[in-house]
Amino acid sequence: MYIKKQIKGMTPYQPGKPIEEVKRELGLATVHKMASNENPYGAPQEAKQAIQAAAADPEIYPDGYAAELRQAVAEELNVGEKQLLFGAGSDEVILMLCRAMLGPDTNTVMAVPSFSQYKHNAVIEGAEIREIPAVHGEHQLEAMLEAIDENTRIIWVCNPNNPSGAYINEEAFVDFLDRVPENVLVVSDEAYIEYVTAKDYPDTLKLLKEYPNLLLLRTFSKAYGLASLRVGYGIGHEELIQSLDPVRPPFNVTAVAQRAATAALKDRSFIENCREQNKKELEKMTAFCEGQGLDYVPSQTNFLLIHTGVAGSIVFNEMLKKGIIIRSGEALGYPESIRVTIGTEEQNEAFRKTLSEVL
Ligand code: PMP
């Protein structure tokens, strides 16, 4: 069978082991998963109820246009309904963007380390990847601008960045947007925006009005607690969104996901509490790092990149044996670091106790 040659050397995405399997293998009663930046407080109650109600009619296809969810998001963000493109997670919106815009004669610019799926999908489409090293986890916007040429189609800006948690402020981002050619799309991936507390984080919804080549990516997987249901979306100019829509698979967001996301949006206090709690717990984590003499990247997210000075895989394995699942920095571009999701108070205490034992 002919498979595109660029796909042959690629490694598929390998998710971590399910918690139940880890418990069985290691004979542990309690395992804390602090690896995928999920919401440790779960999902809003209304969303859970909506899931039960929606699951009652599995024989019916979902609304391919996601009309109810579309209306709810448009109202929440004060954007037009036709400015939204929904996907099975923002992962699928990334895939759709690459499918629609990239090919063998094109290139795409991104920071490295950053979120893996920009490169993954761009490689599949045969595009040239221009990776600009992030310094201390921060995008080097100047160098990214210099990498643009007439074949550049998309620049990926992950703000805050995953896996570092660092962010780009309004002034730097506006200066950057001013200098990107109009025919190059700037994708601002805002998967963790609900956790941001920095006052100078860019007002990207406002900037969207001024820059037709800006597209924002958001998700219900993180603060909204709906990772398992797979729902995310792009926000852009109507014309751009409408021209991307043909690449969207029919019925790509399930009915359960649509209803749950619509209900989750109504619970503003849930998100506010999660943000507050995360901020408090993040501060305790950074104070712990400082106490232990461990370097870390200041984070605007629900995860923290900690430089342990020891191979990330060693720390990962030792922590795993004691029932704490984190991410080794090795696969994330930081060989001597780990990335930990900020969990509940209990999880974070267990993490700190175990890390002090391991290091
Ligand atoms: N962007 C970033 C920066 C992420 O960290 C993630 C999740 N790991 C995604 C996008 C994809 O999220 P989802 O597909 O669950 O919406």
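The figures that follow rest on heavy atoms only: side chains count, while hydrogens, waters and symmetry mates do not. As the structure lists them, so they are numbered: ligands from 1, and atoms in each ligand from 1.
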Enclosure of Glu210 CD (heavy-atom neighbours >12, cutoff 6.0 Å)
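Correct, the count exceeds 12.
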Polar contact flag, side-chain donor to acceptor under 3.5 angstrom, Ser188-Glu190:
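Indeed, the side chains of Ser188 and Glu190 share at least one donor-acceptor pair under 3.5 Å.
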Is it the case that the side chains of Asn278 and Tyr41 hold a donor-acceptor pair, with the cut-off being a distance below 3.5 Å and no angle test?
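Judged by distance alone, the side chains do not pair up.
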Using side-chain hydrogen bond (donor to acceptor under 3.5 Å, both in side chains) as the criterion, point out the one residue from Thr301, Asn37, Asn302 that pairs with Tyr192.
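Testing each of Thr301, Asn37, Asn302 against Tyr192, the sole residue satisfying side-chain hydrogen bond (donor to acceptor under 3.5 Å, both in side chains) is Asn37.
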Row check, Tyr233 ring normal vs Arg218 NZ/CZ: under 6.0 Å, within 45°:
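Ring-cation test returns no.
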Residue contacts for ligand 1, heavy atom to ligand atom, distance under 4.0 Å
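Within 4.0 Å of ligand 1, the protein residues are Gly89, Ser90, Asp91, Phe115, Cys158, Asn162, Asp189, Ala191, Tyr192, Thr219, Ser221, Lys222, Arg230.
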Salt bridge flag under 4.0 Å for residues Glu125 and Arg99:
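Salt bridge flag = no for Arg99 with Glu125.
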